[in-house]
Protein chains: 2
Amino acid sequence: MVNETQHTCSASSSSKSDGGSSSGSESSKDSSRCSTPVLDADRHERLREKMRRRQDSGDRWFSLEFFPPRTANAAVNLISRFDRMGAGGPLFIDVTWHPAGDPGSDKETSSMIIANTAVNYCGLETILHMTCCNQTKDDITGHLQKAKRLGLKNIMALRGDPVGEEWEEEVDGFNYAVDLVKHIRNEFDDYFDICVAGYPKGHPEAESYEADLRHLKEKVFAGADFIITQLFFRSETFLKFMKDCQAIGITCPVIPGIFPIQGYHSLRQLVKLSKLEVPQEIKDVIEPIKDNDAAIRNYGVELAVSMCRELLDSGVVHGLHFYTLNREVATTEVLKRLGMWKEDPRRPLPWAVSAHPKRRVEDVRPIFWASRPKSYIYRTQEWDDFPNGRWGNSSSPAFGELKDYYLFYLKSKSPREELLKMWGEELTGEESVFEVFTCYITGEPNKNGHKVTCMPWNDDPLATETNLLKEQLEKVNRRGILTINSQPNINGKPSTDPIVGWGPSGGYVFQKAYLEFFTSSEIVTALLKVLKKYELRVNYHIVNVKGQNITNAPDLQPNAVTWGIFPGREIIQPTVVDPVSFLSWKDEAFALWIEQWAKLYEEESPSRMIIQYIHDNYYLVNLVDNDFPLENCLWQVVDDTFELLNSPTQQ
Amino acid sequence: MVNETQHTCSASSSSKSDGGSSSGSESSKDSSRCSTPVLDADRHERLREKMRRRQDSGDRWFSLEFFPPRTANAAVNLISRFDRMGAGGPLFIDVTWHPAGDPGSDKETSSMIIANTAVNYCGLETILHMTCCNQTKDDITGHLQKAKRLGLKNIMALRGDPVGEEWEEEVDGFNYAVDLVKHIRNEFDDYFDICVAGYPKGHPEAESYEADLRHLKEKVFAGADFIITQLFFRSETFLKFMKDCQAIGITCPVIPGIFPIQGYHSLRQLVKLSKLEVPQEIKDVIEPIKDNDAAIRNYGVELAVSMCRELLDSGVVHGLHFYTLNREVATTEVLKRLGMWKEDPRRPLPWAVSAHPKRRVEDVRPIFWASRPKSYIYRTQEWDDFPNGRWGNSSSPAFGELKDYYLFYLKSKSPREELLKMWGEELTGEESVFEVFTCYITGEPNKNGHKVTCMPWNDDPLATETNLLKEQLEKVNRRGILTINSQPNINGKPSTDPIVGWGPSGGYVFQKAYLEFFTSSEIVTALLKVLKKYELRVNYHIVNVKGQNITNAPDLQPNAVTWGIFPGREIIQPTVVDPVSFLSWKDEAFALWIEQWAKLYEEESPSRMIIQYIHDNYYLVNLVDNDFPLENCLWQVVDDTFELLNSPTQQ
């Protein structure tokens with residue numbers, strides 16, 4: 001979910017009372033209209049423009065620095081952290097570059113891939129660090145090309161630490177960050193926004209503080225757009241530095257790097273690396289409590305909050321950059337105490353928007369991946385353009401195949417033992433599966449006392465919206481209608497509704513009721529008889545793992561099931577039930593039975609065979625009630641189906 | 001308005017219960033989805049397919065033949081006739097080719113341009129006749145290329161009458177219709193549907209009836225898709241002919257040409273031209289009443305109805321082709337009595353759809369041209385593609401300039417004297433103009449006793465929908481809010497609603513309230529103060545003839561003001577208020593004051609100067625109330641404006 005600190009829809013709707021600049025029919029020729037209704041102007045701006053706009057408006061912002069994880073499991077956790085910390089509304093995050101960790105590779109843990117995930121899957125504006133020392137021009141160009149290809153738009157240009165003690169300048173080589181800045185501008189023109197590092201105390205290797213300031217000026221004049229500083233311990237340090245920057249003609253934004261002290265050891269290590277000195281007054285507090293992590297963190301938060309307040313109160317600081325060390329608590333706490341952590345429940349669209357520039361216009365998706373947006377993004381990453389306005393306009397309808405690689409993004413956050421506790425150490429029949437689904441819906445513990453907080457099709461607990469349907473869902477899951485996706489009908493609720501609202505304020509949102517479930521062929525047979533009665537009202541798609549497909553969708557056309565009407569804009573229809581992509585989703589939905597559930601059990605074990613049986617024999621069904629102004633009839637459809645099944649004459 | 005005899009939306013929504021033909025993920029790769037929700041499948045079919053589908057379903061249809069008019073005035077009348085007769089639901093119309101009348105030229109009266117108008121401006125499936133005798137290959141290819149460029153898709157391939165008495169075959173020339181059929185297929189492959197003529201009595205110049213049948217077979221085997229016959233007077237003549245066709249292997253549709261006798265002289269002339277003989281029993285009836293036009297026409301209608309009934313009852317005839325002689329009454333009467341005239345009030349979209357193949361996907365237009373659709377089509381004819389799904393997607397936003405040529409399509413059907421009676425022989429001030437607008441709204445006669453049935457911005461009486469707003473409109477026009485376009489808000493009425501409904505049944509249609517008017521700068525000043533109170537609710541655009549433009553539209557984005565939600569389909573938003581095209585419309589709307597109204601009066605006359613003053617000084621205003629579920633606030637906005645104007649403190 002993209003939650004910038006300030007939504008700009010209202011800001012940009014100011015009157016254009018130019019009194020004469022539009023000179024008649026001329027203006028229709030070079031129209032400035034854009035190809036999509038722009039629910040969030042931020043999505044279309046460069047980072048440096050976002051920064052400038054906030055500076056102009058006086059809105060405060062923050063950003064978060066992370067380093068790449070060491071293991072694939074740690075990567076899964078970091079991505080969850082991106083989602084959680086992204087909710088607070090950072091202007092951007094940045095990912096550091098670890099030359100020793102193969103940072104430009106395709107490994108799940110590389111700087112490049114982590115930044116890619118942040119942009120594309122988590123929808124975060126992202127800066128990728130890049131160092132140039134001891135690297136060839138070709139290597140660097142290759143990294144930059146790859147970053148561009150992945151949709152990264154911002155580079156933090158650094159020298160990096162030289163390898164070996166006796167470092168010497170290479171002639172025509174990349175010796176300083178300024179060489180990298182120049183290279184980026186030469187080879188990629190204005191494509192990237194470039195950030196460089198500033199040293200409030202001077203770079204430890206610089207001849208002098210003044211000489212270092214001159215180097216910084218060179219970097220800016222070579223094309224850097226803004227500066228993030230090394231950490232410091234006193235606000236005066238930064239404020240003096242900023243004054244000195246301005247004095248020698250550096251006019252771009254200078255963003256203070258904030259390091260909330262989170263523990264004794266991490267502080268020592270960082271100080272060693274950065275060759276900074278910790279002020280005596282801080283040492284005096286920390287040394288006595290060095291074994292009490294909580295106490296140090298509390299002190300660190302206090303210290304950071306008061307320093308940040310001084311910076312913000314100075315009037316010259318608009319944004320704060322946090323060195324998170326990949327941890328959540330301290331930074332979040334500082335931001336909350338500063339009133340800068342803004343969990344904005346408003347959503348530009350009902351689903352999380354990707355920050356990839358190619359996907360900027362995207363505003364329609366099939367409903368099927370509602371609980372698996374990262375999988376959807378992965379499977380459509382090769383598309384040349386993305387549907388906007390209408391799903392049918394997509395010119396690249398082919399979905400990427402189910403491949404091992406993307407199962408990385410499918411991985412559950414929970415380990416196998418935990419999944420077994422939730423989904424059953426041993427299944428005794430299809431009914432034990434029904435029970436798992438039912439417990440997931442109700443939130444009640446299963447018979448072994450464990451709550452079911454995730455399912456193969458949904459890594460998170462039930463959405464608030466689904467809660468609206470809880471009672472009905474419980475009833476049908478108990479009887480073998482194994483629901484994996486649903487939404488209630490909505491007939492014009494305000495776009496600001498805390499549960500179902502999305503988009504700019506002043507609008508109205510609508511939904512058609514939707515229900516998607518696995519169920520047995522016996523139930524499907526009865527369901528099809530019942531659906532005849534609802535032919536004009538309910539659209540259905542029923543498919544099994546082999547692709548046998550029954551539908552009443554006219555001409556394979558998509559059915560819009562979520563849409564919004566907003567002041568002064570075209571209509572947005574962000575989710576559709578698309579008959580064609582349903583068959584791609586079907587492959588994934590059935591595969592999850594095996595990949596995530598059956599494989600928890602031994603081969604040939606009864607539990608595994610039960611899941612395999614369901615996989616082989618059940619149908620995946622989706623139902624849409626087109627009459628959104630009336631009471632949802634889908635529950636009646638299900639009731640009628642069971643009534644038919646239970647009526648003795650029909651059996 | 002496109003009103004085919006059968007709407008196919010429901011027909012095409014049959015279940016696809018194939019139980020296995022969609023084999024999983026394969027089907028997502030070569031998707032058969034189309035790029036638009038296809039409200040009317042007919043729009044996407046070739047004529048021969050439409051014919052075949054009706055034959056399969058047993059639905060009866062009719063078609064209408066017209067000849068090109070001699071004068072520009074007659075052309076205006078013929079186009080009105082196309083609109084009126086198009087409402088009865090012909091499967092197609094055809095336009096004959098008059099070699100002597102420069103049929104392929106750009107003249108308003110040429111066969112080519114009349115057929116172009118029928119397709120593009122009236123939305124009628126159209127066949128253009130073309131003769132080949134005495135023409136060069138290059139000429140013919142040129143005509144065909146032009147027809148294709150204009151969006152014509154069907155050709156009636158004819159030999160035409162040779163010039164001079166002693167006609168001789170040219171070697172390698174176009175001697176027979178079959179040569180033209182072959183040429184079309186050679187040069188244009190399968191692009192055109194080709195129709196050829198059949199002679200139930202044999203072609204007068206053929207060696208024999210049998211020889212003529214063989215020629216017909218040659219034409220069909222050369223690539224003709226169907227046959228329309230010469231007129232005949234007895235159903236047996238046709239039924240025998242059809243049997244004979246089948247006997248020698250002609251399997252394509254054979255459509256009987258019906259000639260309702262409309263008068264003594266036209267019958268004699270036609271008989272002479274076609275070298276047919278009128279049966280004695282018809283002569284016996286007609287001769288005694290030859291000076292009584294009404295009696296002959298009544299007899300002609302009777303005769304045609306009974307012959308058509310016999311043809312239809314035979315079971316082998318599904319469609320009837322009428323030689324209208326450009327007259328309406330007799331053919332319409334025959335069709336009504338046969339129950340084949342189907343004025344279907346259902347509209348696929350709220351505006352008349354063009355039948356040009358390039359415009360097939362078009363389903364969004366700016367609301368401004370609502371009363372001037374032909375002008376809109378003309379001014380956008382150079383576009384390469386047309387907005388669908390979203391207005392913002394239009395890649396060719398430039399509107400054609402106001403040129404003399406298209407004023408042809410703007411011409412009023414009423415002559416100058418009639419317009420002067422309606423709009424005032426002599427204007428005494430702005431108030432006399434207010435009165436004209438008011439009388440147009442109320443339908444009451446003006447002070448000279450004449451009803452105002454059209455206005456420069458609207459060639460037809462008030463739309464039924466506008467009637468919903470009549471009382472309010474009257475009130476504001478009296479006070480100088482000179483309305484030219486408006487619609488009420490609608491919050492989910494059934495798509496089958498007789499007044500505001502459109503699109504397939506089972507859907508819901510919505511509108512935002514819209515009001516567009518000219519008014520004085522004094523009123524605009526007050527209005528702008530009032531609009532501040534409605535800033536979040538009402539979007540406005542206010543512009544004068546010089547292009548001074550005041551708006552609160554966010555980022556020049558279009559505002560959807562009409563949309564529909566349908567079962568199993570994406571959302572359709574057929575009208576938008578687009579800030580950019582408003583400035584093109586503005587030029588036209590202001591020009592109409594001068595071109596259509598001021599120029600009725602002498603130069604320098606007071607009446608002309610009053611209109612000129614309004615043209616030079618008034619503003620064109622449009623208002624949208626975004627809160628469509630609430631009561632329309634635009635009347636309140638106008639009331640507040642007058643209250644402000646009348647309050648002594650504000651004056």
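Just so it is clear, the structure is predicted and the values come from calculations on it, not from any experiment. Numbered from 1 within each chain, the chains take letters A, B, ... in sequence-line order.
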>> Could you work out, with side-chain hydrogen bond (donor to acceptor under 3.5 Å, both in side chains) as the rule, every residue matching Asn491(A), not counting sequence neighbours?
In response: none
> With a 4.5 angstrom heavy-atom cut-off, which part of Val624(B) approaches chain A: side chain, backbone, both or neither?
Replying inline: neither
> Is any side-chain heavy atom of Arg390(B) closer than 4.5 Å to a side-chain heavy atom of Ile571(A)?
Replying inline: no
> What orientation do Phe628(B) and Tyr508(A) show, parallel under 30°, tilted 30 to 60°, or perpendicular over 60°?
Replying inline: perpendicular
> For Asp627(B), is it the side chain, the backbone, both, or neither that has a heavy atom closer than 4.5 Å to a heavy atom of chain A?
Replying inline: both
> Of all heavy-atom pairs between Phe566(A) and Asn559(B), which one has the smallest distance, and what is that distance?
Replying inline: O-OD1, 4.1 Å
> Is there a donor-acceptor pair closer than 3.5 Å between any side-chain N or O of Asn539(A) and the backbone N or O of Pro567(B)?
Replying inline: no
>> Rounded to the nearest 0.5 Å, what separates atom CD in Glu570(B) from atom CD in Gln573(A)?
In response: 4.5 Å
> chain A heavy atoms under 4.5 Å from Phe590(B): which part of the residue, side chain, backbone, both or neither?
Replying inline: neither
>> Could you check whether any side-chain heavy atom of Trp563(B) comes within less than 4.5 Å of a side-chain heavy atom of Ile565(A), counting everything from C-beta outward?
In response: yes
>> How close do Arg569(B) and Gln557(A) get, counting heavy atoms only, and between which atoms?
In response: NH1-NE2, 3.0 Å
> Which bit of Phe582(A) comes within less than 4.5 Å of chain B, counting heavy atoms only: side chain, backbone, both or neither?
Replying inline: neither
